[in-house]
There are 2 protein chains.
Amino acid sequence: MAYTLDSTDKKILNILQNEGRITTKALAERLNLTTTPVFERIKRLEKNGIISKYAGILNEKLIDRKLTVFISISIKDHARTYVENFLKEMESIPEVMEVYHIAGNYDFLVKVMMKDMEAYQKFVLNRLSVINNIDHVQSSFVLTKNKYTTAFELS
Amino acid sequence: MAYTLDSTDKKILNILQNEGRITTKALAERLNLTTTPVFERIKRLEKNGIISKYAGILNEKLIDRKLTVFISISIKDHARTYVENFLKEMESIPEVMEVYHIAGNYDFLVKVMMKDMEAYQKFVLNRLSVINNIDHVQSSFVLTKNKYTTAFELS
DNA sequence: GGTGAAATCCTTCTGTT
DNA sequence: AACAGAAGGATTTCACC
C-alpha cells in the first residue's frame, strides 16, 4: 500500500463511514484532539482516495423503490466485445444499482431496485431479453433486507 | 406515502446522494436558492427518514479488503428460531456486509468483504459451517465490480 | 505528529413578503 | 415557500512546538 493508516486515521474512518456529515470539530472532540489535525487527516484521506465519496443514503421504501432483485446472468459468447456490450447496457440503466463479474455458476450478478413487479417485468422484457448474447437468467427476489452496511470495521 | 417530494426535494436528494458532505450554501447556489429553504428541506428530509444516513464510502482496495464474495445459502429447517439464529449470527460478523432473505433457489444471499481467500476460508470454516441448520452453500467470487452505486435517480 | 489563534465562511434563526 | 440579515459556530490557514 501507498501508506498505512494509524489508529487515529482508523477512528476517523470508522466515524465518517457512519456519520458522513459530522463536523470536523465534533469529530475532533470525540477523539480528544483539536480540529487542525483531524481536518488535515480527513483531507489527506480524501486526496488519497481512501475516502472515495460521501453518500446520502435514502430509505428505498419512502421513495417508492420497494422491490430489489438480484439477477444471476450467464452469457453465451464470452468474447470481449459481447461482454463490453453487456456491461455498457447495464451501466446505462438507472435501476441497475450494481453489476459484478463473478466466478461460479453464472457470469454476472446484477442488483436492480425498482418500484414494483410490473416495473421489473418491463425491465426484463425491454432491457434484458433484448440483449441476444444472454444465455440463462435467474432472478432472486428480496423478501427482507436483514443486514446492510457500507462501513468496514477498521481495527 | 406520508408526503410527496417536489422537484426541489428531488434535486437536493440527487445531489446529496453523490455529495453527502456538500455545504448547504453550495447546494443552494446550484439550485439558485438561498440557504434557508435548502437548509429547512434537508432537515425535513432527514427528520422524515427519507435520508437515512450519510456514509463515507471507502475504497476497499486501499484498506485491504480486496475479496468480495456473494454466498447463496439454503437452510434445512425454516422454523422461526432457526432463521433468527442464522440472522443473529450473520449480524455479528463484521465482514458480513449484507444479508438478504430471498425467494428463489436459495433462502439467503450474503455479501462478505475480506482481505483475501485465506480469510474467506477461515470465515467459512469457523463461522458458516458451524451453523448446523445450513443445507447448501454456493459461493460466487467477485472478479470485477463493474457498477456500484447507492444513489437512486429521482425524477 | 500536535496546539492555539485569527480570518473567513457557513449555519441557523428571526422577521418579512 | 422563499428572501435578507445577523449572531453564533465551524472551517481553514498560519505561526509555533
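By convention in this document, chain letters (A, B, ...) are assigned in the order of the sequence lines, proteins followed by strands, and residues within each chain are numbered from 1.
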K.L.:
Identify, with sequence neighbours excluded, every residue that meets ring pair (Phe, Tyr, Trp, His ring centres under 6.0 Å) alongside B:F152.
P.N.:
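Not a single residue meets the ring pair (Phe, Tyr, Trp, His ring centres under 6.0 Å) criterion with B:F152.
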K.L.:
Using five pairs at each end of the helix from C:dG1-D:dC17 to C:dT17-D:dA1 to define an axis, what is the angle between those two axes, to 10°?
P.N.:
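Terminal axis comparison yields 30°.
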K.L.:
With clusters built from Ile, Leu, Val, Met, Phe, Trp and Tyr whose side-chain heavy atoms come within less than 4.5 Å, directly or transitively, what are the remaining members of the cluster of A:L143, listed by chain and number?
P.N.:
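None, because no other hydrophobic side chain comes under 4.5 Å of this residue.
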K.L.:
Going by the rule ring pair (Phe, Tyr, Trp, His ring centres under 6.0 Å), which residues pair with A:F39 if we only count those two or more places apart in sequence or in a different chain?
P.N.:
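A:F39 satisfies ring pair (Phe, Tyr, Trp, His ring centres under 6.0 Å) with no other residue.
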K.L.:
Quick one, give me the B/S/- string for nucleotides 10-17 of chain D, reading 5' to 3', where B means a protein heavy atom under 4.0 Å from the base and S means that only happens at the primed atoms, P, OP1 or OP2.
P.N.:
SSBBB---
K.L.:
Could you tell me which residues satisfy side-chain hydrogen bond (donor to acceptor under 3.5 Å, both in side chains) with B:K10, sequence neighbours excluded, listed by chain and number?
P.N.:
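Not a single residue meets the side-chain hydrogen bond (donor to acceptor under 3.5 Å, both in side chains) criterion with B:K10.
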K.L.:
Listed by chain and number, what are the ring pair (Phe, Tyr, Trp, His ring centres under 6.0 Å) partners of A:F70, not counting sequence neighbours?
P.N.:
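Scan of A:F70 (ring pair (Phe, Tyr, Trp, His ring centres under 6.0 Å), adjacent residues dropped) gives B:Y100.
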K.L.:
List the residues meeting ring pair (Phe, Tyr, Trp, His ring centres under 6.0 Å) with A:F141, not counting sequence neighbours, and say none if there are none.
P.N.:
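Here the qualifying residues are A:Y120.
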K.L.:
Are A:V110 and A:V83 connected into the same hydrophobic cluster when the rule is that any two of I, L, V, M, F, W, Y join if their side-chain heavy atoms are below 4.5 Å apart?
P.N.:
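Hydrophobic grouping puts A:V83 with A:V110.
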K.L.:
Which part of the nucleic acid, if any, lies within contact of B:R44, taking any heavy atom under 4.0 Å across all strands shown: a base, the sugar-phosphate backbone alone, or nothing?
P.N.:
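The answer is nothing, as B:R44 stays clear of every strand by at least 4.0 Å.
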K.L.:
If you group Ile, Leu, Val, Met, Phe, Trp and Tyr whenever their side-chain heavy atoms sit less than 4.5 Å apart, what else falls in with B:Y82?
P.N.:
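None; B:Y82 is a cluster of one.
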K.L.:
What are the 5'-most and 3'-most nucleotides of DNA chain C lying under 4.0 Å from any heavy atom of chain B?
P.N.:
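Going 5' to 3' along DNA chain C, contacts run C:dC10 to C:dT14.
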K.L.:
Please list, one pair per line, the donor and acceptor atoms closer than 3.5 Å that link side chains of residues 122-131 of chain A to other protein atoms, with sequence neighbours excluded.
P.N.:
unit_1	atom_1	unit_2	atom_2	d
A:N126	ND2	A:K122	O	3.3
A:R127	NH2	A:E89	OE2	3.4
A:S129	OG	A:V124	O	3.1
A:S129	OG	A:L125	O	2.8

K.L.:
Who clusters with A:I57? Use side-chain heavy atoms, under 4.5 angstrom, across I, L, V, M, F, W and Y, and order the result by chain and number.
P.N.:
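A:I57 shares its hydrophobic cluster with no other residue.
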